[in-house]
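All remarks here apply to the structure that follows.
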Amino acid sequence: MRVAILGVGTVGEAVARILVRNASIITARAGKSIEPVVGVVRDLNKPRDVAGMHLSTDLSAVLERDDIDVYVELMGGVDGAYAAIKRVLERKKPVVTANKALLAYHRDELARLSADVPFGYEASVAGGIPIIKTLRDGLSANHIISIKGILNGTSNYIMTSMMKGGVKFKDVLKRAQELGYAEADPTFDVGGFDAAHKLLILSSIAYDIHARPEDILIEGIENISSDDIAFAKEFEYEIKLLAIARRIGERVELRVHPALVPKDKMIAKVNGVMNAISVAGDAVGETMYYGAGAGGNATASAVISDLIDIARGINPPMLGYKAPIAPLSLVPKGEIQSKFYFRLNVEDAVGVLAKITKIMSEHALSADAFLQRRDDENSLEATLFFITHTAFEKDAVKFMQILKSSDFVRGEIFMMRIEE
Ligand code: HSE
């Protein structure tokens, strides 16, 4: 089986190398050899370790070649990648992609276009963890109750380093980029968008839901401060960027945000670039999957597993449905419920705390715990930390808005959810 790789970066290089290095076991499992024939790149002069694979800059010509059996799309981006894949599927050639942003926007069209052509996307979620096949095929007997995961390796790498201490956000991000974990635009990682793209893919499989990134709650890790880290450590929490899908009756809640997670939870122990996903099904109960969520070799492992499936002639429905199911709707963002953590700087004066708790009670927010810190004895400001009982997102947002316009609040207010 002859393969073209569209986009030869960290993952494309690893795919070419592993196909050559592990050729004999791959051939035995696939029933035929899988050969990286050509890679499409922008710059032929950039040094690449591709085990002798031929390189070309002519994407259009490679897309029209008759001697290519399967195309692996690793270009990234949405529009260019969609156009290339559409052309390949129109030519009835199988596609494998790792492109989660593309799938977050075009998975329904791609499911239609690939109805009779194999389309693999195992590498699009959680790098080396085979979560697509697990959810779509292994757990296909179940109603999925919930999915909760750490789906962005870069953010988890950054949060782990920050919790260990002594490192600056920018320096850790740079290291994650050097290691090949981060997206071309790393705001996708730290802003929560990459995790949201992956959550949408998983929730399409779990719930046949057709949401887009704009429809769901997405917050990143950029505003987490050393105060939040100190608070988390003191009260035995880890801070994790979580992606959560939960079925509640005929509705599904989808959200991505940093959360305080009690230290003893399994997901709190997932560190560095590792990803983990807990999936609860009505028949199977709770299951959990763990592995490297980013990096060339781990992602190439998933890409090649799709190539092997195609060589074997396996072609399941892309999102796992041969017929539509009764549609489920999204829980509106404001109706999502959780416990909240707030951090704010206030004027250190008589009556401020009473004013804040009054605003809280007017918005159905009940304080569970409260802490005040003052770095300097002579300072006229104090930092307050609140933890609430379970409340609605819309009430927490309103509470923040009112506080922001209050004369006793200094600077920004930071809010984070607590996930127990
Ligand atoms: N930038 C992504 C991450 C790569 O850090 O998880 C894997 O999708």
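Starting from 1, each residue takes its place in the sequence as its number. As the structure lists them, so they are numbered: ligands from 1, and atoms in each ligand from 1.
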Inset, instruction - Give a yes or no on whether the backbone of Y157 and the side-chain of R175 come within a donor-acceptor separation of less than 3.5 Å. - result: no
Inset, instruction - Provide the number and element of each atom of ligand 1 under 4.0 Å from a heavy atom of T154. - result: 1 (N), 3 (C), 5 (O)
Legend entry - Derivation of the side chain to side chain contact (heavy atoms under 4.5 Å, CB included) call for K100 and F193: CA-CA 10 Å; K100 49 270 158 118; F193 305 105; over 6 Å; no
Inset, instruction - Specify whether F119 and Y121 have parallel, tilted or perpendicular ring planes, treating 30° as the upper limit for parallel and 60° as the lower limit for perpendicular. - result: tilted
Inset, instruction - With heavy atoms only and a cut-off of under 4.0 Å, state how D194 meets ligand 1: side chain, backbone, both or neither. - result: side chain
Legend entry - Those atoms of ligand 1 less than 4.0 Å from some heavy atom in K198: 2 (C), 3 (C), 6 (O), 7 (C), 8 (O)
Inset, instruction - May I ask you to list the atoms of ligand 1 that are less than 4.0 angstrom from any heavy atom of A294? - result: 3 (C), 4 (C), 5 (O), 6 (O), 7 (C)
Legend entry - Pairs meeting criterion side chain to side chain donor-acceptor pair (under 3.5 Å) with involvement of residues 25-41, two or more places apart: none
Legend entry - Protein heavy atom at shortest distance from atom 6 (O) of ligand 1: G153 N, 2.7 Å
Inset, instruction - Please confirm whether Y341 and F231 have ring centers closer than 6.0 angstrom. - result: yes
Legend entry - H106/Y82 aromatic ring centres below 6.0 Å: yes
Legend entry - A182 heavy atom under 4.0 Å from ligand 1: yes
Inset, instruction - Using a strict 4.0 Å cut-off to heavy atoms of K100, name the atoms of ligand 1 that fall inside it. - result: 2 (C), 4 (C), 7 (C), 8 (O)
Legend entry - Atoms in ligand 1 flagged as close to G293, the criterion being non-hydrogen separation under 4.0 Å: 6 (O), 7 (C)
Legend entry - Nearest-neighbour protein heavy atom for atom 2 (C) of ligand 1, which is reported as residue plus atom name and distance: E183 OE2, 3.1 Å
Legend entry - Qualifying side chain to side chain donor-acceptor pair (under 3.5 Å) pairs with a residue from residues 42-57, counting only residues at least two apart or across chains: none
Inset, instruction - For D189, take its heavy atoms, then give the atoms of ligand 1 lying under 4.0 Å from any of them. - result: 1 (N), 2 (C), 3 (C), 5 (O)
